[in-house]
Amino acid sequence: MPKLSRPHGSLAGGHPLWTSLLHALYDRLSSERASAIARHAHVLQVTPDALTLGIPADELKQWLRDGRILALDSILASQTDEAVELALIPLSAGPGRDAGLDLSSFIVSPSNQDAVELASAVVRNPGQHANPLLLHGPTGCGKTHLLRGIAHELATTQPPGDVLQLSAEEFSLELVAAIRSGELVPFHSRLRVCTALLIDDVEALAGRHASQAELEHALDTLRALQTQVIVTARNAPSEMHELEKPLRTCLQAGVSMRLHPPEWETRVAIVLDRIARWEVEARSDVASEIVSNLGEDLRHLDGLVTGLMTQPLCQEGLTDAALVRRILAQGPGRGARLSPEAVLTVVTRHFNVRLTDLRSGTRTPRVIAPRHIAMYMLKHHCGL
């Protein structure tokens, strides 16, 4: 894997939500299976409504079969009151690359061809032109995906060093941590020695004077050092009225490129590409159903596909448009969740056996069948 890092305490160092999930997994799964999740899962992004993980495709298949994905989804739902969805991206590793993270994984729509060509030029000659580069456009047009691809390519092609990719929110919280611990000098040094700095959603710094001042200073310093800086935002610099003038002026000194929402045809192609990463067959009419469900905003695509793939009838492929339509109407992955307590209550009441008997070593026919049914339900409905 190329060296791609974030400041201490951010996602790469362990996001609090991810850390909490891992602790809960060790209580629900065997140590071996929980350790495999901790070892192989890469936290790609955490937003208020989604936890996005990259998982090797071969591992993901096994985890779907043995219930680990269901366990992870169940714990995430219980800890966030179902406000945060689980979004998985299968990763197929090649020599020095991870398909799904690199720039080639970005499906280019005709309207965004120029933006992707500029991004490729920046990867080939970082810091030489378009510095800083501002990628802006409405929600769901692919800014974060493109930024992640650029970061991965830069980390692959550049000399050893830190390519820092983080959200504006993370940048601000890292500054808070540095101020609180009295370690501003290491914070500044880390920015100066990075080989590229990529900031997502800069408008999240609205109302944070110190964070904006620090980012402005970092942009000026890195540009003087010919270190590539890339920023994403919803608006062009002239329209960022919520940000202070010095930072807007600094961003205007670079190159701005607008991204447009992908056309319907491109959205269908993106859906087919996402499903193909799960190494299952998919039909275009199924992809069309998914696009109709999502509309122009594809931010929740990975979460939706993840929900579909956890459905037993979908794990061999997405070829039945009517089935997918029914699942989407119900809300994939959420409606059928049962707690372990609920499963045991249903089984003990139905068969009129005691919970202590199910958990005992008794092997009488009266107990064996209910025990096997409880174990089956705990695995398939609770991920245990």
Side-chain angles (χ1 to χ4, degrees), residues 10-93 98 100-101 148 274-275 277-280 299-316 318 327 330-344 374-384:
S10 62
L11 296 186
H15 190 279
L17 176 59
W18 179 235
T19 301
S20 176
L21 287 180
L22 288 178
H23 283 307
L25 277 172
Y26 277 96
D27 292 333
R28 289 275 294 272
L29 302 176
S30 68
S31 177
E32 178 184 358
R33 290 183 175 180
S35 296
I37 292 179
R39 185 168 61 254
H40 293 290
H42 305 281
V43 180
L44 301 180
Q45 187 179 24
V46 180
T47 66
D49 54 9
L51 168 64
T52 303
L53 303 175
I55 300 176
D58 55 346
E59 291 285 335
L60 188 52
K61 286 183 178 180
Q62 178 61 37
W63 297 0
L64 278 172
R65 288 193 296 267
D66 64 25
R68 270 178 277 189
I69 298 303
L70 283 174
L72 187 57
D73 188 40
S74 176
I75 294 170
L76 178 63
S78 64
Q79 292 196 351
T80 64
D81 197 25
E82 299 197 359
V84 179
E85 67 180 0
L86 178 65
L88 304 180
I89 297 180
L91 305 178
S92 300
D98 268 335
L101 296 182
R148 189 167 63 211
R274 290 291 208 281
I275 296 172
R277 294 181 194 172
W278 290 77
E279 299 181 359
V280 298
R299 283 181 303 164
H300 297 285
L301 172 58
D302 290 312
L304 188 149
V305 173
T306 299
L308 286 173
M309 293 308 301
T310 58
Q311 299 288 327
L313 294 177
C314 295
Q315 291 181 11
E316 297 302 319
L318 296 175
I327 294 174
Q330 298 169 359
R334 293 297 188 200
R337 181 178 292 108
L338 293 173
S339 69
E341 293 76 15
V343 168
L344 294 174
M375 291 168 65
Y376 175 87
M377 293 180 68
L378 288 170
K379 175 179 179 179
H380 287 275
H381 292 289
C382 306
L384 291 173

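Residues: numbered from 1 along the sequence shown. Everything numeric in this text was worked out from a predicted model, so none of it was measured.
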Asks: How far apart are the closest heavy atoms of Ser20 and Gln79, and which atoms are they?
Replies: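 Where Ser20 meets Gln79 most closely, the heavy atoms are OG-OE1, 2.8 Å.
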
Asks: Which distance, rounded to the nearest 0.5 Å, do you find between the CZ of Arg33 and the CG of Asp66?
Replies: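 Those atoms lie 4.0 Å apart.
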
Asks: Enter the distance from Arg68:CZ to Gln62:CD here, rounded to the nearest 0.5 Å.
Replies: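 Here the rounded value is 6.0 Å.
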
Asks: Going by heavy atoms in the side chains, are Leu17 and Leu76 under 4.5 Å from each other?
Replies: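 SC-SC contact between Leu17 and Leu76 confirmed.
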
Asks: Please name the pair of heavy atoms, one in Ala87 and one in Gly303, separated by the smallest distance, quoted to 0.1 Å.
Replies: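 Minimum heavy-atom separation between Ala87 and Gly303: CB-N, 3.5 Å.
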
Asks: How far does SG of Cys314 sit from CG of Leu64, to the nearest 0.5 angstrom?
Replies: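 Those atoms lie 11.5 Å apart.
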
Asks: Atom CG of Leu86 and atom CG of Asp302: how far apart are they, to the nearest 0.5 Å?
Replies: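 CG of Asp302 is found 10.5 Å from CG of Leu86.
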
Asks: Considering all heavy atoms of both residues, which atom of Tyr26 and which atom of Ala38 are nearest to each other, and what is their separation?
Replies: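 What the structure gives for the nearest pair is OH-CB, 4.3 Å.
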
Asks: Let's go through Val280 and Met309 carefully: what are the C-alpha distance in whole Å and the side-chain angles of both, what is the deciding distance for side-chain contact (heavy atoms from CB on, under 4.5 Å) to 0.1 Å, and is it a yes or a no?
Replies: CA-CA 10 Å; Val280 298; Met309 293 308 301; 3.9 Å; yes

Asks: I need the Leu60 CG to Trp278 CH2 distance, nearest 0.5 Å.
Replies: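 Reported value, rounded in 0.5 Å steps: 4.5 Å.
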
Asks: At their closest point, which heavy atom of Val84 faces which heavy atom of Thr80, and how far apart are they?
Replies: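 Closest pair (atom of Val84, atom of Thr80, distance): N-OG1, 3.4 Å.
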
Asks: Any donor-acceptor pair under 3.5 Å linking the side chain of Thr310 with the backbone of Gly307?
Replies: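 Yes; at least one donor-acceptor contact below 3.5 Å.
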
Asks: Given side chains that start at C-beta, do those of Ile37 and Ile55 come closer than 4.5 Å, heavy atoms only?
Replies: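 Contact flag for Ile37/Ile55 side chains = no.
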
Asks: Please round to the nearest 0.5 Å and tell me the distance separating atom CG of Leu301 and atom OG1 of Thr306.
Replies: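 So the gap between those two atoms works out to 9.0 Å.
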
Asks: Of all the heavy-atom pairs spanning Leu344 and Ala374, show the shortest one and how long it is.
Replies: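 Answer, listing the atom of Leu344 first, then Ala374: CD2-CB, 4.3 Å.
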
Asks: Closest heavy-atom contact between Ala71 and Arg28?
Replies: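 Of all heavy-atom pairs spanning Ala71 and Arg28, the closest is CA-NH2, 4.2 Å.
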
Asks: When Leu53 is tested against each of Leu44, Ile89, Leu72 for side chain to side chain contact (heavy atoms under 4.5 Å, CB included), which residue passes?
Replies: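 Only one of Leu44, Ile89, Leu72 forms a side chain to side chain contact (heavy atoms under 4.5 Å, CB included) with Leu53, namely Leu72.
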
